[in-house]
Amino acid sequence: MLLAGLWCLQPAAHAAPGNSHAKYDATPVNVRDRAMSHFKENYAWVVDAAWYTTPGNNLYCFFHQGNIVNRVFYDKHGDWEYTLLSYPPSVLPKSVEKLIHGSFGGYRISFANEIRRPGQDPYYVVNIENANHIKVIQVEGDQIDIRQSLIKG
């Protein structure tokens with residue numbers, strides 16, 4: 001009888017894949033719970049968080065940090081996609097400010113957005129202007145690209 005019991009257990013031992021991943025073996029987690037867990041790990045100090053759902057069932061959280069507006073975006077599985085920070089020119093890192101002024105003399109920085117993505121350096125989308133023009137530029141590393149150029153009218 002003992003031999004029959006051991007024989008029944010043998011196929012079960014070979015049915016499980018040898019290289020299983022904990023992420024897939026875990027019990028499914030509610031999308032909102034997964035996003036909230038990430039948020040609490042990274043933004044535990046936030047007191048004014050407001051959560052929203054996009055038409056595509058993605059989630060994002062909106063909150064303030066002094067004069068910085070933060071929006072943290074999660075995909076429909078609750079995984080962090082990116083964080084968008086919007087702020088006045090005084091918050092922009094000095095290295096980015098110096099790079100912009102070196103390339104666009106005579107322009108002043110009017111507003112900045114910083115985009116943070118998993119595993120990548122942040123990049124910046126910055127509004128600059130002078131008496132006659134408004135430009136929206138993207139700064140990534142040492143590279144600047146003009147995304148939009150408008151004439152004041």
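Just so you know, these numbers use all the heavy atoms, side chains as well, and skip hydrogens, waters and symmetry mates.
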Check: V31 main-chain N/O paired with K76 side-chain donor or acceptor under 3.5 Å: no
Donor-acceptor contact below 3.5 Å, side chain N127 vs main chain V136: no
Interatomic spacing from CD1 in I115 to CD in Q138 - rounded to 0.5 Å: 7.0 Å
Same cluster (ILVMFWY, side-chain, under 4.5 Å), V125 and L150: no
S86 to R71 - nearest heavy-atom pair and separation: OG-NH2, 2.7 Å
R116 atom CZ, over 12 foreign heavy atoms within 6.0 Å: no
Joint cluster assignment, L99 & V126, ILVMFWY side-chain distance < 4.5 Å: yes
Donor-acceptor contact below 3.5 Å, side chain W45 vs main chain V47: no
Closest non-hydrogen atom pair between P89 and S110, with its separation: CD-O, 3.8 Å
Any donor-acceptor pair under 3.5 Å from N42 side chain to H38 backbone: yes
Whether over 12 other heavy atoms sit under 6.0 Å from N67 CG: yes
Shortest non-hydrogen contact between G141 and V139, atoms and distance: O-CG1, 3.9 Å
Any side-chain heavy-atom pair of P93 and Y124 under 4.5 Å: yes
I134 with I146, same ILVMFWY side-chain cluster at under 4.5 Å: no
Parallel, tilted or perpendicular, as decided by the 30° and 60° cut-offs, for the rings of F63 and F39: perpendicular
Evaluation steps, side chain to side chain contact (heavy atoms under 4.5 Å, CB included), between I137 and Y107: CA-CA 12 Å; I137 59 173; Y107 280 81; over 6 Å; no
Distance in Å, K135 NZ paired with Q148 CD, rounded so as to fall on 0.5 Å steps: 10.5 Å
Linked, directly or transitively: V46 and W51 (ILVMFWY side chains, under 4.5 Å): yes
Euclidean distance, I128 CD1 relative to I100 CD1, rounded to 0.5 Å: 6.5 Å
From H133 atom NE2 to I151 atom CD1, the distance as rounded to the nearest 0.5 Å: 5.0 Å
Single-linkage hydrophobic cluster, 4.5 Å side-chain cutoff, F62 and L85 together: no
D48 side chain to H64 backbone, donor-acceptor under 3.5 Å: yes
For the student: nearest non-hydrogen atoms of E129 and K152, plus distance: OE1-NZ, 2.8 Å
Note, L84 side chain near Y60 side chain (heavy atom, < 4.5 Å): no
Separation of L59 CG from T53 OG1 (nearest 0.5 Å): 5.0 Å
Residues E114 and Y87: side-chain donor-acceptor under 3.5 angstrom: yes
Interatomic distance, R32 atom CZ to Y74 atom OH [nearest 0.5 angstrom]: 11.0 Å
